[in-house]
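Take a look at the structure below.
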Amino acid sequence: MGSLGSDTTWTAAAAGDQPTAGKVITCKAAVAYGPGQPLVVEDIRVDPPQKMEVRIRILFTSICHTDVSAWQGENEAQQKYPRILGHEASGVVESVGEGVADMAAGDHVVPIFNGECRNCAHCRSDKTNLCAVYRVDPFKSTMTGDGRCRFSAASDGAPIYHFLNTSTFSEYTVVDAGCVVRIPAAAPLEKMTLLSCGVSTGLGAVWNTANVAAGATVAVFGLGAVGLAVVEGARTRGASRIIGVDINPQKRIKGEAIGITDFINPKDLDNQAVHQKIREMTEGGVDYSFECAGNLDVLREAFLSTHDGWGLAVVLGIHPTPRLLPLHPMELFDGRRIVGSVFGDFKGKSQLPGFAKQCMNGEVKLDEFITHEMPFSKINEGLQLLVDGKSLRCLLHL
Ligand code: APR
Ligand code: ZN
């Protein structure tokens, strides 16, 4: 069948007769052929969804730092090529596979890289959002059900591998139903893309992982989209002080627009460590710090910036191997704690629809996060903007 091309007028209404259901779809995707090589936008084939899978027409996808890290080939030895990156997106269900009962063609959805089967011991526990079946796994490159790819090259049929349970740099993708969340049809799909990763990760870390209370003091290290979502979360909780830390002075502007009360550029401190400065500013340290830069030296500063006795450092940044945590175990006896947060501790399928409503009614403000928009064909420019620190989220229109 012919390419469905970049038909941006495709809407839920058009899903009614589903002319593509059960068929292979040929469409455009941005394919990664090797670390650091520009993505190639080309025709691929997308198989129909199998049992407990959903095929999605992606309408918007944005670029996260994790895509950049994967594109640049961190942990390269374990990665398979060619593959389709991308994990922040929104779109419409094109068709569903056998057994999918909670979604149908035409539903508005966001894919989530950290899924929820709602059945395993983890999903039944309220202590974790790490599902035993669909949890985030950077080295997984095929579908959960049969270990095969749903993507193949239009030219020779060779398999193209998946990424982070989602692979959204494609007009169509196939995702396990446990990694797809239905959102209200009235929600603005462009902004809902942010809920797929960055904004949920940041806000959830404040609301769910740390459970920051009104009046608390907070330091945020790294003011990209993830860090700024932490700032927004701290603002919504009524934090009394929100200190933003970034080596890029431009980040101060966005930070202040969203809610930081103070800004520290570590490069401006003469011979003083950031944690010393923060302890000085806050009578001994902040109640909570959030590491959103993916840098181990920053992580140590974030940990030491918290108040002894009760401070909690939350790790959101992705840290490439092989370096280990830069802490001496005895330092934990000072009463500072450290914890990681995946997808903001949100149980995606259960909690994201409610979060979407909080965004729709203005409780959470998403206006500042999308700084650039461009057609999908310019995806390499979008990647470069993030590498250069010029964008928060670049939204690609498919
Ligand atoms: N000190 C302070 N800030 C730093 C430092 C540092 N040494 N190094 C980098 N930063 C800042 C950058 O200037 C940038 O503003 O951290 C920010 C990172 O933001 P983005 O690159 O936009 O990344 P984002 O998408 O927000 O993700 C942040 O979370 O999900 C993970 O993999 C992701 O590790 C990444 C982190
Ligand atoms: Zn589960």
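Read the numbers this way: they start at 1 and go in the same order the structure lists the ligands and their atoms.
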In the protein, what heavy atom is nearest to [atom], and what distance, to one decimal place, separates them?
{"atom": "atom 22 (O) of ligand 1", "answer": "Gly224 CA, 3.4 Å"}
{"atom": "atom 34 (O) of ligand 1", "answer": "Ile318 N, 2.9 Å"}
{"atom": "atom 16 (O) of ligand 1", "answer": "Gly222 CA, 3.4 Å"}
{"atom": "atom 30 (O) of ligand 1", "answer": "Thr66 OG1, 3.7 Å"}

Is it the case that ligand 1 has an N or O less than 3.5 angstrom from some N or O of [X]?
{"X": "Phe221", "answer": "no"}
{"X": "Val226", "answer": "yes"}
{"X": "Pro266", "answer": "no"}

Ligand-residue contact atoms, ligand 1 with [X], heavy atoms, under 4.0 Å:
{"X": "Lys251", "value": "15 (O)"}
{"X": "Asn248", "value": "13 (O)"}
{"X": "Val298", "value": "1 (N), 6 (C), 7 (N)"}
{"X": "Gly294", "value": "34 (O)"}

Any idea which of [options] brings a heavy atom closest to [atom]?
{"atom": "atom 12 (C) of ligand 1", "options": "Leu385, Asp246, Leu386, Leu296", "value": "Asp246"}
{"atom": "atom 10 (N) of ligand 1", "options": "Ala293, Cys292, Gly202", "value": "Ala293"}
{"atom": "atom 4 (C) of ligand 1", "options": "Leu316, Val387, Ile247", "value": "Ile247"}

Is it the case that over 12 heavy atoms from other parts of the model lie below 6.0 angstrom from the [atom1] atom of [X]?
{"X": "Lys254", "atom1": "NZ", "result": "yes"}
{"X": "Asp156", "atom1": "CG", "result": "yes"}
{"X": "Lys378", "atom1": "NZ", "result": "no"}

Checklist entry - Between Phe346 and Phe343, what is the ring plane arrangement, given parallel below 30°, perpendicular above 60°, and tilted in between? => result perpendicular
Measuring from non-hydrogen atoms of [X] to any atom of ligand 1, is the shortest distance under 4.0 Å?
{"X": "Arg393", "result": "yes"}
{"X": "Gly198", "result": "no"}
{"X": "Gly389", "result": "no"}

Checklist outcome for this item: Under 4.0 Å between heavy atoms, the region of His65 that gets near ligand 1 turns out to be both
Checklist entry - If you look at every heavy atom in Val314 and Ser341, which pair is closest and at what distance? => result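 Minimum heavy-atom separation between Val314 and Ser341: CG1-CB, 3.7 Å.
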Checklist entry - Is the Phe376-His397 ring centre distance short of 6.0 angstrom? => result no
Next on the checklist: I want to know whether Trp207 and Phe355 have ring centres closer than 6.0 Å.
Outcome noted: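 Aromatic pair counts; centres sit under 6.0 Å.
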Item to check | Short side-chain donor-acceptor distance under 3.5 Å, Thr209 and Asp345 | outcome: yes
Checklist entry - With distance as the sole criterion, is a donor-acceptor pair present between the side chains of His319 and Glu291 under 3.5 Å? => result yes
Checklist entry - Passes salt bridge (charged side-chain N to carboxylate O under 4.0 Å, His left out), Asp262 versus Arg241? Steps please. => result CA-CA 8 Å; Asp262 306 80; Arg241 201 141 180 207; 3.0 Å; yes
Next on the checklist: For the backbone of Glu301 and the side chain of Ser305, can you confirm whether one donor and one acceptor N or O come within less than 3.5 Å of each other?
Outcome noted: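 Present.
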